[in-house]
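In what follows, chains are A, B, ... by sequence order, proteins preceding strands, each numbered from 1.
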Amino acid sequence: MSNATMTRRPSQFTKNKLPKWSIWAVLVGALILGAAVSSLFGFSPVSMAVFAAIFFVVGGTATAGAVEGSRKAKDRFATYLVYGAFIIAVLPLLSVIWTVLERGMPGMTSDFLFRSMNGLTGAIDNQTVAEGTPVLGGAYHAILGTLQITLWATIISVPVGLLAAIYLVEYSTGGPLSRAITFFVDVMTGIPSIVAGLFAAALFGLIFGPGTRTGFVAAAALSVLMIPVVVRSTEEMLKIVPNELREAAFALGVRKWRTITKVVIPTAISGIASGVTLAIARVIGETAPILVTAGFARGINLDVFSGWMSTLPTYIYYQIITPTSPTSTDPSTQRAWAAALILIILVMLLNLAARLIARMFAPKTSR
Amino acid sequence: MSTKTVSPNTLRRQGDSGQSGDKIFSTASLLAGCLILAVLFCVAVFLLVQAFPTFVADPAEISGGSGFFSYIWPIVIGTVIAATIALVLATPVGIGVALFISHYAPRRLAQGFGYLIDLLAAIPSVVYGAWGYAVLAPQLALAYEWLANNLGWIPIFEGPASNTGRTILTASIVLAVMVLPIITSLSREIFLQTPKLHEEASLALGATRWEMIKMSVLPFARPGIISAAMLGLGRALGETMAVALVLSGGALNASLIQTGNQTIAAEIALNFPEAFGLRLSELIAAGLVLFVITLAVNVVARWIISRHKEFSGAN
């Protein structure tokens, strides 16, 4: 190292190449220009960021074009756009999470978590606003409704989805029936949730008379949405169980159904469980099917087979669309955001649980 | 039990019970598979049965007073407009994000970024609706006013702009955010499947990263991108709560920044709780129309994917 010359001569490889610091120079320049242009229209951080981003993309591309040629300039332009796309995609995510946290935290009281809306009228809300006392009324009934309806949907969908996936992977021989099931399961994942709700409403309306709205109808609607998700994830998991395990069981003279229940499923159980958890996370936030199948309740209803029921999503929806007190909507808005915070926490916990399950119960690959 | 004698009889009996277990299990799984097909079939049949009164009713009794077709037509158009704008906004961004995760982001962070985008899909639609209603719409109202003042001569930006910002354009932007993770995750999968040799060959010939993507990744992934966009379209067409909360609906309106327009799903959600009799079957008929449209979109998308699967294995 000692005798290496420290003077850098422009070599064949570094000729016509922008130095590394150039990108920072362009960034600083763009920020200054952005601030300047933004202050022409009345300064705001948002407009400054927009202008600075435009100047940065244009400036970076132009300098690259001048020094490195048009091909490198195009490459740079594409890189900026791709990075920009990611930033654009993350912005709404951050905004949603920030909004829910900011507006939901004030409403997260024990009152909110353990009281229902039973007997809460607009007059009480008006009084709350007038006197500045804490907001009354809560989402206890909606939390219970969400848990019950989701539980029933899971009870219906998991066996059906599991068995259908077992049929597809273990029993079918690739005939037209299995191809039809695979295809229509895929198509079913795209059914609009409101159509699933209408189907359940129409089905139970035909059997028990029009206007039948109970928690169970909602659970049926949700399982229409949940079954395809369970089938897809279970199918993927069963497919990656090594065939040697099945063959070893068969060679020992084990019956096929014993092989499936004792060898195949235990091997894949981590993936299946995490798939089911993700499916639950998907349907727990569904609003539209509940809206048309379970009605809306203000009090606690512990019977899924009779009476209307509330869930967190419909609770949020009705608190926003029809505030309890039409003249002072603030308490309702606060309740809606607090419920949204609970819902998001539930969904995130389920997603996290799915990843943990997948990691914890994964079969040991080597020993 | 010191001496264990196995008589041929016991063996036989165990074998029998195992055999019936086999039969029960295989039948149950076959039935579960058929049940799924039956459910999809039932969705169509029950919707048709419940919607039937609408098609035979006196046109004057249908909402709007001139038959089902003129009732459904404006909201079908509204649905298509909202979904199309959402798709136009989301597809380029979605492809960009997918490229970022598959080819641009540092390897170590790429998976984490993927989870981050998946979180977008995990947020419930009603929360998006509330966000669009309370946060996005008031901010966009300012932009709409500017659009109406400066670009008002274009019919779609005709003023006066809505004060609340609760227009079909806002709804479409919220929808775009919601379909973004679908487009991203599917195209990401396809981008990662690009044969490594194609990519390395083009880089070895001196292509820049963008030229490599343009010449080897994008051509390979084109069918996948198309089907991802169509699945996103299916989601955008059927999305209910975001539109129901964000859009302050009304009659069909060419201007995207005024109140007006309505989508099928939001129309059902807003009116179903109070509906009865003919109005109920009218809304179910609207649901049937939505079902048919999304089914067609999904079938085409899945068909493209399955066709693509066959020849991608050859690489």
Flag yes if more than 12 heavy atoms outside F250(A) fall under 6.0 Å of its CZ atom; otherwise flag no.
yes
Tell me, do V127(B) and I344(A) make a side-chain contact under 4.5 Å, heavy atoms counted?
yes
On a heavy-atom basis, the closest approach of L245(B) and I320(A) is CD2-CG2, 3.8 Å
With a 4.5 Å cut-off on heavy-atom pairs, point out which of L278(A), V224(A), V185(A), L203(A) contacts chain B the most.
L203(A)
Heavy-atom proximity to chain A below 4.5 Å, by part of T240(B):
side chain
When only pairs under 4.5 Å are counted, which of L231(B), I123(B), L35(B), I264(B) shares the most heavy-atom pairs with chain A?
I123(B)
Between D22(B) and R258(A), is there a side-chain heavy-atom distance shorter than 4.5 Å?
no
If you count heavy-atom pairs under 4.5 Å with chain A, which of L180(B), L40(B), L99(B), I101(B) comes out on top?
L40(B)
Minimum heavy-atom distance T294(B)-G190(A), with the two atoms named:
CB-O, 4.4 Å
Chain A heavy atoms under 4.5 Å from I36(B): which part of the residue, side chain, backbone, both or neither?
both
I'd like to check V292(A) versus L283(B) (side-chain heavy atoms, cut-off strictly below 4.5 Å). Are they in contact?
no
Taking side chain as everything from C-beta outward and backbone as N, CA, C, O, which of these in R103(A) sits under 4.5 Å from a heavy atom of chain B? Side chain, backbone, both or neither.
side chain
Check each atom of R209(B) against the heavy atoms of chain A and say whether the ones under 4.5 Å are side chain, backbone, both or neither.
both
Backbone N or O of T208(B) within a donor-acceptor pair of the D75(A) side chain at under 3.5 Å?
no
Can you see which heavy atom on V97(B) is nearest to which on A85(A), and at what distance?
CG2-O, 3.5 Å
Please state whether the side chain, the backbone, both or neither of V177(B) comes within less than 4.5 Å of a heavy atom of chain A.
side chain
Quick one: are I227(A) and V39(B) in side-chain contact, heavy atoms under 4.5 Å?
no
Between V160(A) and chain B, which part of the residue has a heavy atom less than 4.5 Å away: side chain, backbone, both or neither?
both
Beyond-backbone contact of F291(B) with F199(A), side-chain heavy atoms, under 4.5 angstrom:
no
Under a 4.5 Å heavy-atom cut-off, does chain A meet the side chain of L119(B), its backbone, both or neither?
both
Side chain to side chain, Y318(A) and P273(B), heavy atoms closer than 4.5 Å
yes
Heavy-atom proximity to chain A below 4.5 Å, by part of A301(B)
neither
If one checks every heavy atom of S172(A) against chain B at 4.5 Å, the contacting part turns out to be neither
Kindly give the heavy-atom pair with the smallest separation between W210(B) and K74(A), and that separation in Å.
CD1-O, 4.2 Å
Do the side-chain N and O atoms of W131(B) and S95(A) include a donor-acceptor pair separated by under 3.5 angstrom?
yes
Flag the one option from V43(B), V45(B), L295(B) with the top tally of heavy-atom pairs under 4.5 Å to chain A.
V43(B)
Quick one: which of I321(A), I166(A), N351(A), L206(A) has the most heavy-atom pairs under 4.5 Å with chain B, could you say?
L206(A)
Quick one: of K256(A), R213(A), M188(A), R282(A), who has the most non-hydrogen atom pairs under 4.5 Å with chain B?
R213(A)
Search all heavy atoms of A32(B) against all heavy atoms of L163(A) and return the closest pair with its distance.
CB-CB, 3.5 Å
Between F272(B) and L291(A), is any pair of side-chain heavy atoms under 4.5 Å apart?
no
Side chain, backbone, both or neither of V347(A) within contact of chain B (heavy atoms, under 4.5 Å)
side chain
Sole candidate of T287(A), I316(A), T314(A) that passes side-chain contact (heavy atoms from CB on, under 4.5 Å) when paired with M241(B)
T287(A)
Classify the angle between the aromatic ring planes of F100(B) and F86(A) as parallel (below 30°), tilted (30 to 60°) or perpendicular (above 60°).
parallel
Can the positive tip of R355(A) be found less than 6.0 Å from the middle of the six-membered ring of Y115(B), inside 45° of the ring normal?
yes
Tell me whether E102(A) at atom CD has more than 12 heavy atoms from other residues, nucleotides or ligands lying less than 6.0 Å away.
yes
At a heavy-atom separation under 4.5 Å, does V90(A) approach chain B through its side chain, its backbone, both, or neither?
side chain
Any idea which heavy atoms bring L198(A) and G287(B) closest together, and the distance?
CD1-CA, 3.6 Å
Do L30(B) and Y171(A) have side chains that approach each other closer than 4.5 Å (heavy atoms only, starting at C-beta)?
no
I need the residue from I284(B), V135(B), L31(B), I24(B) with the largest number of non-hydrogen atom pairs under 4.5 Å to chain A.
V135(B)
Answer with side chain, backbone, both or neither: which region of L270(B) has an atom nearer than 4.5 Å to a non-hydrogen atom of chain A?
both
Given a strict heavy-atom distance threshold of 4.5 Å, which part of L168(A) is in contact with chain B: side chain, backbone, both, or neither?
neither
Top of V96(A), I181(A), I88(A), V187(A) for chain B proximity - count of heavy-atom pairs under 4.5 angstrom:
V96(A)
I need the residue from L237(B), L116(B), T184(B) with the largest number of non-hydrogen atom pairs under 4.5 Å to chain A.
L116(B)
Check the surroundings of atom CZ in F183(A): do more than 12 heavy atoms from other residues, nucleotides or ligands lie under 6.0 Å from it?
yes
Leading residue by heavy atom contact count with chain B [cutoff under 4.5 Å; candidates Y317(A), F184(A), W337(A)]
Y317(A)
Report the option among Y104(B), Y128(B), F113(B), Y133(B) that has the most heavy-atom pairs separated by less than 4.5 Å from atoms of chain A.
Y104(B)
Which region of R71(A), side chain (C-beta onward) or backbone (N, CA, C, O), has a non-hydrogen atom less than 4.5 Å from a non-hydrogen atom of chain B, or is it both or neither?
both
Please evaluate residues V126(B) and L343(A) with respect to the criterion side-chain contact (heavy atoms from CB on, under 4.5 Å), reporting the C-alpha separation (whole Å), side-chain torsions for both, the decisive distance (0.1 Å), and the verdict.
CA-CA 10 Å; V126(B) 69; L343(A) 188 60; 4.1 Å; yes
